[in-house]
Amino acid sequence: MALDLTILYRGPLSSCNYDCGYCPFAKHHETAAELKVDRLALERFVDWLTARADGTFGVLFTPWGEALTRPWYRSAMMHLSRLPQIRKVAVQTNLSCPLDWLAGADLDCLGLWCTYHPSQTPRADFLAQCERLRELGVAFSVGTVGMREDFDAIAAMRAVLPDDVYLWVNAFKQEADYYTPAEVQRLLQIDPLFAVNNVRHPSLGKACRTGESVISVDGEGTVRRCHFVSEPLGNLYDPDFEQLLQPRPCPNARCGCHIGYVHREDFPLYELFGAGLLERIPSPAWQASETLLRWVGSFAESTTAR
């Protein structure tokens, strides 16, 4: 059976051009030698995927810093998008990069997960980038961290974005019970899936696709089941690495990040997101499904009742 695998790649890159107060990588500057290590690691990963014409792959770049300000990530996205074995390549980005490179990509299998940081960029500048993506026909979502001081800016962004652009809100979980019920309701008006993210889901022993059809890979090729389980499973570049892929129950007590719990087998999120899973774009039809609406609504009820 041909390999069908989703890979979350996170190389050593840890520099960012923004300085968000909650982020440990804000305004971190790497040396030229450190950046070279990251570039070479990425090139090795891309070469491996290029040689794997015997499988089908989805790739999501989830860097600690901002990737698309680095030309080697833009080149990797372009190259991978044109490979027949790549069903989707996506990246998390603050959208501060130039966009001309997209003309060289196959936009049918490329997606952008764009994060809006109100304290770091003028709304008009970010919207201009979004409009350019729409003109090019790029699939993208827009999102932000739900900090209380940014509520008005988040609402303003939702008001001016086209209705067909999904705006997600990541719950701020560094403080317990950060949101009042009224604040949850306000954010649900912006992101109907916010209540799902505003939970650290009990996960111990739950069935999850990670470790079987989804893996996390770092710059050295070390394979882990996901970003949130530190135990190495093996190395991507070993000839027999596929033998490590098997069903595994989650070993963590809880999972609170979208790129983790989205792969839970008992959650209907593959159905909800469909082809937009990697770039975090819900299927346009999900709100017509009574089953999905009930499932999402169960979290809204529990988070607003506190």
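If you're wondering where the values come from, they're calculated on a predicted model, not measured in any experiment.
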K.L.:
Do the rings of F45 and Y9 sit parallel, tilted or perpendicular, given the 30° and 60° boundaries?
P.N.:
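The rings of F45 and Y9 lie parallel, inter-plane angle below 30°.
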K.L.:
Aromatic ring centroids of F61 and W113 under 6.0 Å?
P.N.:
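No, they do not, as the ring centres are separated by 6.0 Å or more.
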K.L.:
Can you check whether W295 and F267 have ring centres sitting under 6.0 Å from each other?
P.N.:
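They qualify: ring centres under 6.0 Å apart.
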K.L.:
Would you say NZ of K206 has more than 12 non-hydrogen atoms from neighbouring residues, nucleotides or ligands within 6.0 angstrom?
P.N.:
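Result for NZ/K206: open.
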K.L.:
ring-ring contact (aromatic ring centres under 6.0 Å, His included) with Y261: which residues, sequence neighbours excluded?
P.N.:
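By the ring-ring contact (aromatic ring centres under 6.0 Å, His included) rule, Y261 matches H201, H258.
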K.L.:
Just to verify, what does P118 make a side-chain contact (heavy atoms from CB on, under 4.5 Å) with, not counting sequence neighbours?
P.N.:
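For P118, the residues satisfying side-chain contact (heavy atoms from CB on, under 4.5 Å) (neighbours in sequence not counted) are Y116, T144, D150, A153.
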K.L.:
Give the intermediate values and the outcome of side-chain hydrogen bond (donor to acceptor under 3.5 Å, both in side chains) for residues E66 and T93.
P.N.:
CA-CA 6 Å; E66 173 53 39; T93 175; 2.8 Å; yes
K.L.:
Decide, yes or no, whether a salt bridge links D108 with R82 under the criterion of side-chain N to carboxylate O below 4.0 Å.
P.N.:
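No, D108 and R82 are not salt-bridged.
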K.L.:
Would you check if there is a donor-acceptor pair between the side chains of S14 and E30 at a distance under 3.5 Å?
P.N.:
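The answer is yes; a qualifying pair exists.
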K.L.:
Consider only side-chain N and O atoms of H263 and T210, and report whether a donor and an acceptor are under 3.5 Å apart.
P.N.:
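The answer is no; no qualifying pair exists.
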K.L.:
Just verifying a value: how many Å separate C114 SG and N94 CG, rounded to the nearest 0.5 Å?
P.N.:
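Interatomic distance, C114 SG to N94 CG, rounded to 0.5 Å: 9.0 Å.
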K.L.:
Answer yes or no: does atom CD of E149 have more than 12 heavy-atom neighbours from other residues, nucleotides or ligands under 6.0 Å?
P.N.:
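Atom CD in E149 is crowded, with more than 12 foreign heavy atoms closer than 6.0 Å.
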K.L.:
Counting only heavy atoms from other residues, nucleotides and ligands, does the tally under 6.0 Å from CG of D100 exceed 12?
P.N.:
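Check fails, neighbour count at 12 or below.
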K.L.:
Salt bridge (charged side-chain N to carboxylate O under 4.0 Å, His left out): which pairs involve residues 288-297, sequence neighbours left out?
P.N.:
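Those involving residues 288-297 are E290-R294.
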